[in-house]
Structures are given as structure tokens and as C-alpha cells.
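Take a look at the structure below.
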2 protein chains.
Amino acid sequence: MAFLKVVPLEKALEVINSFPLEPKIESVPLSEALGRVLAEDVTSPVDVPPFDRATVDGYAVRAEDTFMTGESEPVRLKVVGEINAGDTPTVELKPGESVYISTGAPLPRNADAVVQFEDVDREGEDVIIYKPAYPGLGVMKAGADIPKGKALLKRGTRLTFKDTALLSAVGFSEVKVFRKPRVAVISTGNEVVLPGTELRYGQIYDINGRAIADAVRELGGEALFLGIARDDRESLKALIETGIECCDIVLLSGGASGGIRDLTSSIIEELGEVKIHGIAIQPGKPTIIGLINGKPVFGLPGYPTSCLTNFTLLVAPLLRRLLRRESEVRKVRKKLAHKVFSVKGRRQFLPVRIEGEKAVPILKGSGAVTSFVDADGFIEVPENVEILEAGEEVEVTFFG
Amino acid sequence: MAFLKVVPLEKALEVINSFPLEPKIESVPLSEALGRVLAEDVTSPVDVPPFDRATVDGYAVRAEDTFMTGESEPVRLKVVGEINAGDTPTVELKPGESVYISTGAPLPRNADAVVQFEDVDREGEDVIIYKPAYPGLGVMKAGADIPKGKALLKRGTRLTFKDTALLSAVGFSEVKVFRKPRVAVISTGNEVVLPGTELRYGQIYDINGRAIADAVRELGGEALFLGIARDDRESLKALIETGIECCDIVLLSGGASGGIRDLTSSIIEELGEVKIHGIAIQPGKPTIIGLINGKPVFGLPGYPTSCLTNFTLLVAPLLRRLLRRESEVRKVRKKLAHKVFSVKGRRQFLPVRIEGEKAVPILKGSGAVTSFVDADGFIEVPENVEILEAGEEVEVTFFG
């Protein structure tokens with residue numbers, strides 16, 4: 001059983017960064033593309049509009065037929081047809097002719113302007129036009145809105161409703177996006193049971209399974225909660241193997257017992273390789289990171305605050321990389337609300353709650369559910385620092 | 001056919017506000033509760049932890065048995081058992097006795113402290129303790145983290161992963177949330193076809209259907225795109241009836257043709273009641289608002305920018321009310337990048353793009369897809385204003 005040396009956080013992050021994970025690409029219907037991340041540059045395969053299009057209700061004309069008009073000497077054109085939106089026009093305008101046309105309809109051949117009906121009079125078969133129309137009046141030319149071949153969206157764009165609308169406008173019914181990373185979530189511990197069941201004396205409800213699965217979902221990943229492994233080799237191994245089969249990443253959170261950590265490490269060693277066993281941070285010292293079939297497996301601490309702190313430090317950056325969300329800012333600078341003590345030689349992460357411009361340390365201890373629930377994130381107290389004074393500026397990293 | 005008078009925007013909003021819509025409540029599994037809005041106040045049905053719990057690995061003792069110790073005169077206690085996390089202990093400590101206990105395990109009867117194993121020596125059946133233990137050392141008392149009956153979450157809370165973790169910690173396997181409003185989305189127009197199909201000359205791809213459906217989803221609602229109604233009474237009526245049957249709200253967006261508006265208004269009048277037909281804003285004058293079986297039906301303009309502007313002004317506030325998101329800020333103040341002209345007597349909403357501290361007006365016209373795609377939102381130019389000068393402060397309302 002490999003009991004590796006405790007390494008600095010930076011070393012652990014380096015190891016995680018070197019994992020051979022690449023975002024996979026999948027095609028999804030446009031109706032399911034909202035919020036997904038585009039895996040290809042998109043250019044328009046069509047002109048929008050695809051044809052010269054009337055932008056008003058009125059009469060399509062040859063502009064030159066109207067150049068000589070003025071309100072004193074109107075021009076009279078023969079109305080030779082009608083084109084409505086959705087029609088495929090067959091008519092072709094000859095000099096002195098016009099057609100009635102509705103907004104959105106394609107112009108007939110030879111027409112280059114539309115005079116809106118408020119500006120004309122209709123007399124039987126004729127329309128009387130009082131003002132010259134310039135070529136292009138009342139018309140949106142083919143491709144004027146979006147020309148065919150125009151670059152529209154870049155690979156890496158997280159699709160909003162405006163983007164899906166744009167993709168719809170140029171005719172896409174499906175689109176290539178990065179597949180959401182699939183994360184298997186396993187809780188461990190003989191004392192841990194699923195919510196909804198009756199507690200026997202000595203049992204507690206699972207917290208980390210829900211917390212991690214939903215933190216993964218909030219980040220945009222897909223989480224599969226596989227259940228709770230008992231503190232025995234077969235139960236734990238079976239769930240880890242299932243996780244490796246169905247998912248890209250496996251996350252375990254330890255029960256209270258140290259035995260689970262030894263088991264986890266030994267099973268990873270059997271199925272793959274333990275890369276890190278122990279990180280020089282508090283909390284997180286017992287964290288395990290391994291690789292099985294090229295898939296990362298993380299053994300996170302059992303206490304909720306410790307678990308989520310280590311998830312935030314180690315797992316979230318990996319998920320953000322796969323989800324192309326690296327650029328998102330998850331830190332703020334605040335002033336410490338009151339003095340905190342740390343232990344010299346220990347690099348510590350302390351949960352804090354944000355109140356306005358202040359970061360309020362939460363001192364309940366990492367065993368408490370409420371210390372994690374009340375906290376917005378954590379601050380770092382470096383190894384060489386024993387005291388952070390009230391009012392000092394600190395950087396708060398949000399959980400998740 | 002009721003052709004009502006054009007009313008001010010405020011009147012339309014008043015009508016919408018008076019609609020008899022109440023958020024419905026449904027029970028969902030906790031695993032699907034992330035992001036949903038809680039429909040009940042939640043108090044803890046249990047103590048967390050549910051029992052006095054060891055917070056370290058070590059020996060559970062009666063603290064008073066250790067009061068007389070010092071490093072010079074240690075105390076020797078008999079180890080009468082072992083309790084691991086998940087065990088249901090049956091042992092009861094008598095004076096002079098202790099049990100080995102692991103982190104997370106329940107204390108045996110009569111024990112009130114846990115001395116961590118680093119601080120003791122083990123000699124056969126005995127443990128040797130060098131320092132006095134105070135009652136509560138190494139113990140989290142039942143309910144110390146969360147006492148039974150404690151108020152945890154308020155009705156109206158949008159559940160984050162911390163909230164679902166908390167609900168899991170106190171044993172909830174399902175939770176009551178407000179049902180997502182179901183919105184039927186119908187596009188109209190003879191010229192409009194679904195993306196993915198081949199365009200005949202004169203046809204264009206649907207934009208509004210996707211834009212509205214995904215805007216509804218971004219807000220947190222459920223959208224059902226019902227398809228494209230042709231410019232005939234039967235096709236349109238069938239889709240509106242389907243919408244009323246399956247959904248809470250029906251949204252239509254007009255094709256280019258004015259005929260659709262008359263049809264929509266006449267069908268609403270037949271099936272229910274037209275409440276508003278025409279609002280004194282630009283764009284949005286032809287907007288229709290009706291009620292069928294107590295369910296709102298909106299006929300929005302056909303041009304994408306106009307459609308989304310009216311969606312933002314009229315529909316989004318209603319959805320936010322049903323989704324309990326009224327408090328979200330969707331406006332920012334910026335400086336106008338350059339002069340814009342409006343028409344006196346017309347209350348106008350102009351699309352703008354935000355660039356740093358500037359709001360850049362988009363002047364492509366509402367017929368362009370790109371004017372909507374390039375814009376982040378819109379500004380209002382009041383009725384009595386003809387010119388907004390460059391540098392003037394404007395309020396930008398984000399689309400959606």
C-alpha cells in the first residue's frame with residue numbers, strides 16, 4: 001500500500017493539471033443547447049434574410065418608375081399581383097407595373113423598392129404614388145442582416161438565449177457542444193445513511209453526497225450519486241469500479257473513520273495509481289488523488305467544510321477546465337471582521353461568511369454542518385502566519 | 001371582434017398584475033431540488049448530531065475519573081469495549097472504565113469526554129491518561145450543530161448546493177417547491193419554418209420561438225415550443241387551445257403579417273377575453289394580451305427585437321412573480337455613447353449594447369436579427385423627448 005509523502009498544494013494542483021482529460025464533444029438539438037458551451041466556431045451557412053424582403057406593407061415597384069413624381073404630378077402604376085409573406089413569387093415587374101406586397105414577403109423580380117400603403121392611393125387596378133422611391137426603400141436586401149459565411153459565434157461560447165436564437169435564425173437544428181463532465185459521487189462511512197430513512201442510534205444522514213453532487217451541477221457538470229459505501233473493501237471497490245465505468249471523474253468523501261482512507265488508497269493502488277496521498281493544508285491533509293484508467297479519483301475529507309474546501313481547491317478547477325469556465329472570478333477581497341489565530345507551520349483555510357465589506361470567520365469547527373452552511377467561502381492563512389488581525393484585507397474564495 | 005384602444009404601458013402592467021395566477025406547489029426529490037424555490041419554511045425535524053458524538057479517535061471516559069491526573073500521577077482506566085462510527089453502543093461506563101471510540105461514533109452511556117489517543121498510552125486492557133479531561137472534551141453534544149426544531153430555510157429561498165446539503169443533513173429526501181410556470185411558445189407566419197429544414201424561396205427560419213422559449217428557461221420557467229402556426233384560423237386556434245390545456249401561460253409571436261394579429265385577437269375573443277389590444281409604446285403597439293380559462297395569452301410582435309423587448313417589459317415580470325425572483329436587479333445606469341433621435345409623442349424603447357460605462361445605441365432597425373443579438377438590452381426614450389444627447393445618463397434594462 002502506497003503511503004506517499006504529504007505534498008504542497010501547488011504540487012497537487014500540478015498533478016491534477018497534468019491529468020490527460022480533454023473535453024469531449026457531442027451534438028445536441030438546438031432546443032437543448034441553452035447554457036451549453038459551443039465546441040466549434042459557427043459561421044452562417046445562409047444569407048439572412050435569404051431574399052430581398054419587404055419591410056413594410058405596400059407596393060413593390062421599380063424605383064426608377066417613380067423618380068419623376070412629386071405631390072403635384074403623381075405617377076400611376078398598374079397593380080399586376082399580390083405577394084404575401086411565405087409566397088414564392090413568380091411575377092416579374094415590367095416598366096409601369098407594381099405588385100401589392102406584405103411585410104416579410106420576397107420582392108418580385110425587377111422590383112427594388114416598396115412604397116408603404118399609407119403613402120399611396122389605390123384606384124381600381126392602379127396605385128397612385130406621390131413621392132419618388134429610392135432603390136432600397138422599404139427593402140431589406142438578401143444577406144443585409146447576416147451575410148452567408150459571416151463569423152457568428154466562437155468555440156467556447158456559453159450559449160445564452162440570444163445565441164440559440166441566432167443559431168435558429170441561420171437554420172441550425174443541432175449544434176456541437178462540449179460534453180458535460182460526468183462525475184460519480186460516492187459517500188462513505190458505516191454511520192452514514194440516506195436522508196428519508198429512519199436513523200438508528202449512532203447513525204447520521206449523508207451530507208457530502210448531496211453537497212458535492214449539487215456543487216458539480218452548479219458548475220455545469222453532470223453528477224451521478226452512486227450511494228454510500230460501507231467501511232469494507234468489497235462495497236467500496238464495487239462503487240469505485242462503477243464510477244470509473246460510467247463517469248469521467250470519481251469523487252469520494254470520507255466517513256469519519258481513518259480506515260476508509262486506507263481502504264480507498266489501497267483500492268486505487270490496486271485498480272490504478274495513487275498520485276497524491278496527503279496535502280500540506282488544513283483541512284485536507286488526508287486527501288487522496290489517484291488515476292484509474294486515465295480517470296481521476298479524489299478521496300476528499302469527511303467533514304462537510306473540509307470536504308467542500310478541498311472540492312473547491314482541487315476538483316472545481318479541473319471541472320472548470322473541462323467546462324471552459326476558467327475565466328470566471330470566484331474570489332473577492334474583503335476586510336477581516338475579527339482577529340483569527342492559526343498554528344505556525346500550518347497552511348490553513350478558514351471558513352468565512354461575507355457581510356457587506358467584511359469577511360466574518362466562522363469558528364464552529366469543521367465537524368459542524370452549520371459551519372459549512374453559514375460560510376460563503378474560505379480565506380487562506382499562510383504557513384508563516386499565526387495571527388490575522390481584524391481589518392486586515394483577505395481574499396475570500398467562494399465554495400464551489 | 002374587439003379592437004380595443006391603445007393603452008399606456010402602466011395600464012397593461014396593471015392588467016397583467018391583476019391576473020389570477022398563483023405559484024403552484026409540488027414535491028420534488030431532494031436530488032432534483034437544486035435551483036428550485038422553496039415553498040415552505042423548513043425547521044429541523046431532528047437533532048444534528050442525533051447523539052453525543054466523538055470528534056476524535058481515542059477513549060471515551062467519565063471526565064470525573066480523570067480530574068486528579070497530572071503528568072506525574074497518571075490515571076489508569078480499564079478499556080471495556082470499542083465503539084466505531086455506525087455502531088449502536090450497548091456498553092455503559094462504570095467508574096474506572098473507558099471504551100476505545102472512533103471519530104463520529106456515539107458515546108457510551110455515562111461517558112462525557114473523549115481523550116484523543118495521541119494523549120494516552122495503552123497497556124494491555126488498560127489506558128493510561130495523563131491530563132484531566134473536562135466534560136465535553138472531544139465530544140459534540142446531540143443537537144449542538146442543529147437542534148431539533150431550529151428554523152433552517154425560509155419559503156422563497158432559491159436552493160443552492162449548500163441548502164440541499166443542509167436539507168440532506170436533517171433527513172429530507174423530498175421537499176416542497178414552487179412549480180415552474182409552464183409556458184407554451186407559438187411562432188406564427190406563413191413565411192416562417194423550423195431550422196433544419198430546407199428554405200423555399202420566400203421562407204425564413206424561426207427565431208422568436210427559440211428566443212422566447214430559451215428566455216423563459218433562463219428565467220427558470222419551463223417552456224414548451226408548440227410549433228409554427230400558419231396564417232389561418234384553424235391552425236392558430238388549435239395551437240392556442242393546446243397551449244391553454246398544457247400550460248399556465250401562452251406566448252405567441254407574430255409573423256410579419258397584420259392578419260395574424262387580427263386572427264389572434266379574434267380567437268382569444270372566442271375562447272376567452274381580449275384585455276389589451278395595443279400599447280402606446282414603440283415597439284409593441286400591436287401587442288395583444290388576453291385571458292382564456294384564467295390563463296394569460298400574449299400576442300407579441302414579430303420582429304425579434306420588438307418581440308424580446310415586449311417579452312422583457314410584459315411577460316418577464318409575470319414570470320418573476322411566479323418564480324419569486326422579483327427582487328433581481330435587471331437594470332444598470334450607463335452613459336449614452338452617442339446622440340439618438342426619437343419622435344415626439346412616441347414612447348420608444350431603443351436597443352443598446354453595453355461597452356464598459358457606455359450604452360451604445362443599435363440603429364439597425366428592429367427587423368434585423370443582429371440588432372437583437374448585438375444588444376444587451378434597451379433604454380426608454382419618454383414621450384416628450386426628441387433627442388437624447390451623448391453622455392446623458394440612461395437606464396439600461398437587460399433583455400429577459
Side-chain angles (χ1 to χ4, degrees), chain A residues 30-31 34 46 48-51 55 57 84-89 102-106 140 145-146 160-162 164-166 168-173 189-191 194-196 199-207 210-211 214-215 217-218 225 255-258 304 367-370 372-373 400, chain B residues 30-31 34 46 48-51 55 57 84-89 102-106 140 145-146 160-162 164-166 168-173 189-191 194-196 199-207 210-211 214-215 217-218 225 255-258 304 367-370 372-373 400:
Chain A
L30 193 62
S31 56
L34 183 71
V46 294
V48 176
F51 47 83
T55 61
D57 292 340
N84 287 300
D87 287 354
T88 305
S102 66
T103 305
M140 185 187 270
D145 195 357
I146 304 171
T160 66
F161 75 89
K162 291 200 303 180
T164 56
L166 178 60
S168 188
V170 299
F172 282 88
S173 57
N190 286 341
E191 77 280 25
L194 288 178
L199 288 181
R200 268 199 301 104
Y201 186 74
Q203 294 183 325
I204 57 167
Y205 289 118
D206 181 43
I207 300 162
R210 180 83 285 122
D214 282 351
R217 288 197 188 102
E218 276 198 9
F225 178 65
S257 139
V369 181
T370 42
F372 151 64
V373 168
Chain B
L30 193 61
S31 56
L34 183 71
V46 294
V48 177
F51 48 82
T55 61
D57 292 340
N84 287 300
D87 288 352
T88 305
S102 65
T103 306
M140 186 187 267
D145 195 358
I146 304 171
T160 67
F161 75 89
K162 292 201 301 179
T164 56
L166 179 60
S168 187
V170 298
F172 283 88
S173 58
N190 285 342
E191 77 279 26
L194 288 177
L199 288 180
R200 269 197 301 103
Y201 187 74
Q203 293 183 324
I204 58 167
Y205 289 119
D206 181 42
I207 301 162
R210 179 83 285 124
D214 283 350
R217 288 195 187 104
E218 277 199 8
F225 179 65
S257 140
V369 181
T370 42
F372 151 64
V373 169

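Numbers restart at 1 for each chain; the letters A, B, ... are given by sequence-line order, proteins then strands.
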Review point. Could you state the interatomic distance from CZ (A:Phe51) to CG (B:Leu199), rounded to the nearest 0.5 Å?
Key: 8.5 Å
Review point. How long is the span from the CZ atom in B:Arg217 to the CG atom in A:Leu34, to the nearest 0.5 Å?
Key: 7.0 Å
Exercise for review: State whether the side chain of B:Asp206 and the backbone N or O of A:Ser168 hold a donor-acceptor pair below 3.5 Å, judged by distance alone.
Suggested key: no
Check your understanding: With a 4.5 angstrom heavy-atom cut-off, which part of A:Phe172 approaches chain B: side chain, backbone, both or neither?
Key -> backbone
Review point. Can you tell which of A:Ala368, A:Gly202, A:Gly400 has the highest number of heavy-atom pairs within less than 4.5 Å of chain B?
Key: A:Gly202
Revision key, fill the gap. If you tally heavy-atom pairs under 4.5 Å between each of A:Pro106, A:Gly171, A:Pro50 and chain B, the highest tally belongs to A:Gly171
Revision key, fill the gap. Ranking B:Asp145, B:Val48, B:Asn190 by heavy-atom pairs under 4.5 Å to chain A gives rank one to B:Asp145
Review point. Quick one: what part of A:Leu194 sits under 4.5 Å from any heavy atom of chain B, side chain, backbone, both or neither?
Key: neither
Study note, to complete from the structure: In short, A:Ser173 meets B:Pro195 closest at the heavy-atom pair CB-O, 3.5 Å
Point to revise | Distance-minimising heavy-atom pair for A:Ala169 and B:Val369 | key: CB-CG1, 3.9 Å
Review point. Using non-hydrogen atoms only, which part of A:Val373 is less than 4.5 Å away from chain B: side chain, backbone, both, or neither?
Key: both
Review point. Just by distance, do the side chain of B:Glu218 and the backbone of A:Phe161 share a donor-acceptor pair under 3.5 Å?
Key: yes
Study note, to complete from the structure: Taken to the nearest 0.5 Å, the spacing of B:Asp87 CG from A:Gln203 CD works out to 10.5 Å
Revision key, fill the gap. Between A:Glu191 and B:Gly86 the two heavy atoms that sit nearest each other are CB-N, 3.2 Å
Point to revise | Which of B:Arg200, B:Arg210, B:Met140 touches chain A most, by non-hydrogen pairs under 4.5 Å | key: B:Arg210
